[in-house]
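Remarks on the structure that follows.
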Amino acid sequence: MAVTDHVDLNGFMEGVKKRNPHQPEFVQAVQEVAEDIFEFMEDKEEYHSQQILRRIAEPDRVVSFRVCWEDDAGNIRVQRGWRVQNNNAIGPYKGGIRFHPSVTESVLKFLAFEQTFKNALTGLPMGGGKGGSNFNPKGKSVREIMRFCQSFMTELYRHIGADIDVPAGDIGVGGREIGFMFGQYKRITNNFTGVLTGKGLEWGGSLIRTEATGYGAVYFLENMLATKGENLEGKTAVISGSGNVATHAAEKIVQLGGKVLTLSDSGGFIHDPDGIDQEKIDWVKTHKTHRRGRIEEYVEAFPKATFHAGKTPWGVPCDVALPCATQNELLGEDAKTLVANGCRAVSEGANMPTDLDGVHTFKAAKILYAPGKASNAGGVAVSGLEMSQNSERRSWKEEELQQMLKDIMSGIHNSCIRYGDQGGGYIDYVKGANIAGFKKVADAMLAFGVV
Ligand code: NDP
């Protein structure tokens, strides 16, 4: 059989599994996209003959490197760092850096693959990448984190650049870590350039970048509810996570008249039947981000709430749900529980928080369900706007940026409708996002020939 002959979805996925052994997260992400793309490609011979999906599912390159650093006790510690540059057909590689003990090559390859479609959906010229390390920032002193970030950048700097690859933050990497990494990049290269996003406002950062992912996920939710003539006023929301994305999603829900019932971390979730208002959200931000505390301590500050150790919040009845912690945190059974309890809409703030069973459950129930690549694209969108501001050597005003973020989220919503409208009032947002993102990247790749 010539390699250009058609294979079916199963044949394609067998090849992906064979080429990527022991990489379940990456295989899962490819499967979710391939399920929609095979149907879309059925009558599009050029995509088949040019092996476009197979090429997108093979990263342009994966760089793996040693990161040595010295802890406060003088011990030498060795970690592994990676940068996955998945695809730069429509712009420089772009995607966050994650520091978490669960980081593996498989996790970063899945994130870089997803990022390729997400970035295409924003309408901005950004390719897809992702990086990180199995370094665990929890319990480390600020000096240890600084030394780690400097060592990480001492290798990473040779692979990135404002027109090559522009990393940002992700789990375990916030403004402070971006500062340490940018400082080291500048020191090594003597080059003040927009090589990272999520920078501080005094040194090239953009207004609303911090809020953008969580706010964007709620704007997307509003767009979905509007297709049913509804809004967030008076609706109950269940949210997982208590980091950057979760707290800003909660903030926007409250601003739009909704009531947030839960937040969580890797230790369990808190349920506050009175609602988590702005004052409580501010407490969580300070407690989790600045003091690096645990969410269970919320119940000491707000005694009407309860803490549920080792559990996820999906059993709490709600109108809308926003998984905003990590991948595969909402499983098939959780999806069934949400649907049975009357949940009408799910907007993913995290990347791939719902497993394949859960995705199939939401689709079968025909509820409003937005995959992260569509609903959490607000963060990378404002990162793209930060890149533009850096190139222009200007800072745009907050109102302009807020409006651009809203417009971009509505634009992504429209793209999902364009390719995901199944008739009878049902929009398959997963299909819509996959096809719209794929088409843009695929058409650019066709223009470049076999590279
Ligand atoms: P943060 O590090 O700020 O927060 C992560 C939150 O998730 C914490 O509450 C953390 O709890 C919890 N968490 C992490 N791992 C687990 C786990 N295995 N089980 C349960 N809870 C867990 O990260 P972000 O808020 O930035 O990122 C959250 C998600 O959103 C990720 O999937 C990320 O890829 C995605 N995302 C982020 C963007 C951004 O702009 N920041 C952009 C687009 C997507 P604990 O404190 O106990 O670790």
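In listed order, ligands and their atoms are each counted from 1. Being a predicted model, the structure only gives us computed values, none of them experimental.
The atoms of ligand 1 that sit less than 4.0 Å from any heavy atom of H100 are 15 (N). Those atoms of ligand 1 that come under 4.0 Å of a heavy atom in R294, given as number and element, are 46 (O), 47 (O).
Considering backbone and side-chain atoms alike, G241 places every N or O at 3.5 Å or more from each N or O of ligand 1. Residue Q327 places no N or O, backbone or side chain, under 3.5 Å from any N or O of ligand 1. For ligand 1, the polar-atom distance check against K138 finds a nitrogen or oxygen pair separated by under 3.5 Å. Residue K118 has no N or O atom closer than 3.5 Å to an N or O atom of ligand 1. The shortest N or O to N or O distance between G172 and ligand 1 is below 3.5 Å. In terms of N/O distances under 3.5 Å, ligand 1 is not approached by N376.
Protein heavy atom in closest approach to atom 40 (O) of ligand 1: T213 OG1, 2.7 Å. The closest protein non-hydrogen atom to atom 13 (N) of ligand 1 is A325 CB, 4.1 Å. Looking at atom 3 (O) of ligand 1, its nearest protein heavy atom turns out to be N244 N, 2.9 Å. Closest protein heavy atom to atom 24 (P) of ligand 1: V245 CG2, 3.8 Å.
Annotation: side chain of F220 is in contact with side chain of C416 (closest heavy-atom distance under 4.5 Å).
Neither the backbone nor the side chain of P353 comes within 4.0 Å of ligand 1, counting heavy atoms alone.
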(request) Under the side chain to side chain contact (heavy atoms under 4.5 Å, CB included) rule, what do F113 and V33 come out as? Steps first, then yes or no, please. (result) CA-CA 10 Å; F113 178 77; V33 170; 3.6 Å; yes
(request) Kindly determine whether K252 and L221 satisfy side chain to side chain contact (heavy atoms under 4.5 Å, CB included), including the steps that lead there. (result) CA-CA 11 Å; K252 188 49 79 180; L221 180 58; over 6 Å; no
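Between F269 and H271, the ring planes lie tilted relative to each other; the angle falls in the 30° to 60° range.
Between K363 and D36 there is a salt bridge, with a side-chain nitrogen of the basic residue lying less than 4.0 Å from a carboxylate oxygen of the acidic one.
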